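Here the structure comes first, spelled out in structure tokens, and everything after it is commentary.
To find a chain, count down the sequence lines: A is the first, B the second, and so on, and within it residues start at 1. All values reported here derive from a predicted model rather than from experimental measurement.
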Protein chains: 2
Amino acid sequence: MPKIVDHDQRRHRLAEAVWSLTLRDGLEGVTLRKVAVEAGVSMGQVQHYYATREQLVRDALDRAVQALNARIDAAIRATDSASAETTLRECLRALLSRDPESLRLLQLSVAVVGRSISDPAMVSVLAPGSSELLEFTATLIAAARQERGTPPRGNGLIDADICWSLITSLGVDVAVGQRSPDDALTVLDYHLDNLLG
Amino acid sequence: MPKIVDHDQRRHRLAEAVWSLTLRDGLEGVTLRKVAVEAGVSMGQVQHYYATREQLVRDALDRAVQALNARIDAAIRATDSASAETTLRECLRALLSRDPESLRLLQLSVAVVGRSISDPAMVSVLAPGSSELLEFTATLIAAARQERGTPPRGNGLIDADICWSLITSLGVDVAVGQRSPDDALTVLDYHLDNLLG
DNA sequence: ATTTTTGCAATGCAGTTGCATTGTAATAGA
DNA sequence: TCTATTACAATGCAACTGCATTGCAAAAAT
């Protein structure tokens with residue numbers, strides 16, 4: 001069997017093109033022809049890897065959210081041996097990274113949220129409600145409070161929920177340019193200081 | 001001069017049609033012809049009131065955000081004589097109203113956010129960053145803490161900022177159907193109880 | 001009663017869209 | 001070497017798009 005190419009690499013290139021077009025022209029500005037030009041390939045190649053435009057867009061946005069989640073996981077693993085409080089801070093800060101690529105992914109995730117109001121299938125792409133992450137965060141919060149000598153309080157899962165909801169909202173503000181990353185970090189630190197006593 | 005009609009009423013009808021189409025088909029599914037059909041008017045009438053499709057969509061989304069803000073204001077005014085804590089709770093709860101029309105407006109606002117990542121002009125439509133509202137909320141928080149006999153603490157403006165960021169995030173979750181209104185209210189109440197001591 | 005301005009309605013049109021179809025170069029297996 | 005399969009490339013097409021244009025009925029102003 002002939003001419004074996006790396007399918008995943010091709011799809012990734014196309015997804016990158018979709019990302020750029022989405023950020024520049026919006027999701028409705030993503031057309032097969034523009035994607036082909038942006039990726040520097042023929043339109044035939046786009047069709048070869050995706051049967052329909054909808055599948056193309058969905059896979060591209062899916063990859064964006066996955067990539068952002070991977071960055072959060074990486075942030076967690078990067079502070080593996082540190083204190084619980086450091087790990088907690090860093091993994092929440094991951095969403096507010098000043099790295100331009102993270103900002104891109106964050107903006108794309110916002111686009112996914114916007115689309116999900118009319119396309120329920122898009123909701124499944126979003127993973128912030130994953131209960132494992134919430135439980136892990138709750139564990140971190142409890143450990144960090146213990147490190148500070150603060151007694152346990154209330155419902156740790158809700159505390160974790162609030163943390164992620166807060167940085168999600170701050171992340172959206174940063175993504176649309178309505179809040180500076182520095183300001184967002186200030187708000188996050190303020191909240192964590194209160195939370196950890 | 002002849003045949004005077006209520007321009008604002010006509011535009012409102014068209015905006016309603018844009019809303020329905022946006023929630024059903026997404027922003028990219030809003031076409032002049034579909035808006036005309038949905039509103040039960042001719043395409044000529046749509047063109048008569050809006051020079052371009054872009055102006056039509058922008059005005060419709062603008063009206064949605066304005067309507068949602070009006071509901072928040074109404075919630076504040078409705079509890080005018082109540083305690084600060086009640087006013088605070090109710091005005092934050094306004095975003096999470098179980099009223100279907102509020103949910104519609106909330107979903108449309110989410111669509112605006114999604115669009116604003118590729119259309120910076122859309123950001124101006126969003127008003128959550130209005131400093132007056134933040135200051136007012138900070139005042140409410142301080143008053144509510146005093147009612148409870150809790151001493152002042154930290155930065156009231158940031159506390160207010162966190163409150164609005166939190167309900168914004170909860171509101172998005174509710175809008176996309178990833179969280180029930182009841183769950184969102186539970187989280188909000190938990191946060192307020194911690195905040196007010 | 002006539003005119004003139006307003007508020008549409010209807011149609012036309014060029015451009016763009018997603019997708020189907022067809023053709024073809026390259027290469028792995030026989 | 002032959003062949004079958006993969007990976008595209010090129011083109012075609014019907015449907016739809018936003019917008020321009022034109023026509024026309026109703027009513028306020030004269």
Query raised in the report: What do you reckon, is CD of B:Glu28 surrounded by more than 12 foreign heavy atoms closer than 6.0 Å?
Result: yes
**Report entry** Atom-pair distance (CG on A:Leu14; P on D:dA7), nearest Å
**Finding:** 14 Å
Query raised in the report: Rounded to whole angstrom units, what separation is found between the CZ atom of A:Arg53 and the P atom of C:dA20?
Result: 15 Å
Query - Nearest-angstrom distance from the residue atom CD of A:Glu28 to P of D:dT17 - result: 13 Å
Report summary line: A:Gln9 atom CD is separated from D:dA7 atom C1', nearest whole Å, by 14 Å
Report summary line: Of the candidates D:dA7, C:dT17, C:dC19, the side chain of A:Lys34 sits closest to C:dT17
Query raised in the report: Quick one: which of C:dC19, C:dA9, D:dC19 gets closest to the side chain of B:Gln45?
Result: C:dA9
Query raised in the report: Is the closest basic N to carboxylate O distance between A:Arg89 and A:Asp193 below 4.0 Å?
Result: yes
Requested in this report: List the steps, then state whether salt bridge (Lys or Arg N to Asp or Glu O under 4.0 Å) holds for B:Asp119 with A:Arg24.
Outcome: CA-CA 8 Å; B:Asp119 183 3; A:Arg24 186 188 316 143; over 6 Å; no
Query - Comparing B:Thr31 and A:His48 on DNA chain D - which has the more 5′ nearest nucleotide - result: A:His48
**Report entry** Distance, rounded to the nearest Å, where A:Arg13 contributes CZ and D:dA7 contributes C1'
**Finding:** 13 Å
Query raised in the report: If each of A:Val30 and B:Ser42 is mapped to the nucleotide of DNA chain C with the nearest heavy atom, which maps nearer the 5' terminus, i.e. the 5' end?
Result: B:Ser42
Query raised in the report: Between atom CG in B:Leu56 and atom C1' in D:dT17, what is the gap in whole Å?
Result: 14 Å
Report task. Specify the residue among B:His7 and B:Arg33 whose closest nucleotide of DNA chain C lies further upstream toward the 5′ end. Result -> B:His7
Report task. Pick base, sugar-phosphate or nothing for B:Val46, based on heavy-atom distances below 4.0 Å to the nucleic acid. Result -> nothing
Report summary line: Taking C:dC19, C:dC8, D:dG18 as options, the one with an atom nearest any side-chain atom of A:Thr52 is C:dC19
Query raised in the report: In whole angstrom, what separates B:Asp6's CG from C:dT6's P?
Result: 17 Å
Query - Electrostatic pair B:Asp161:A:Arg179 at N-O distance under 4.0 angstrom - result: yes
Requested in this report: Grab the CG-P distance between B:Leu32 and D:dT17 for me, whole Å please.
Outcome: 9 Å
Query raised in the report: The side chain of A:Met43 lies closest to which of these nucleotides: C:dG12, D:dC8, C:dC19?
Result: C:dC19
**Report entry** Check: C:dA20 base within 3.5 Å donor-acceptor of A:Gln47 side chain
**Finding:** yes
Query raised in the report: In terms of ring plane angle, is the pair A:His191 and B:His191 parallel, tilted or perpendicular, where the classes change at 30° and 60°?
Result: tilted
Query raised in the report: Does OP1 or OP2 of D:dC8 have a side-chain N or O of A:Arg10 closer than 4.0 Å?
Result: yes
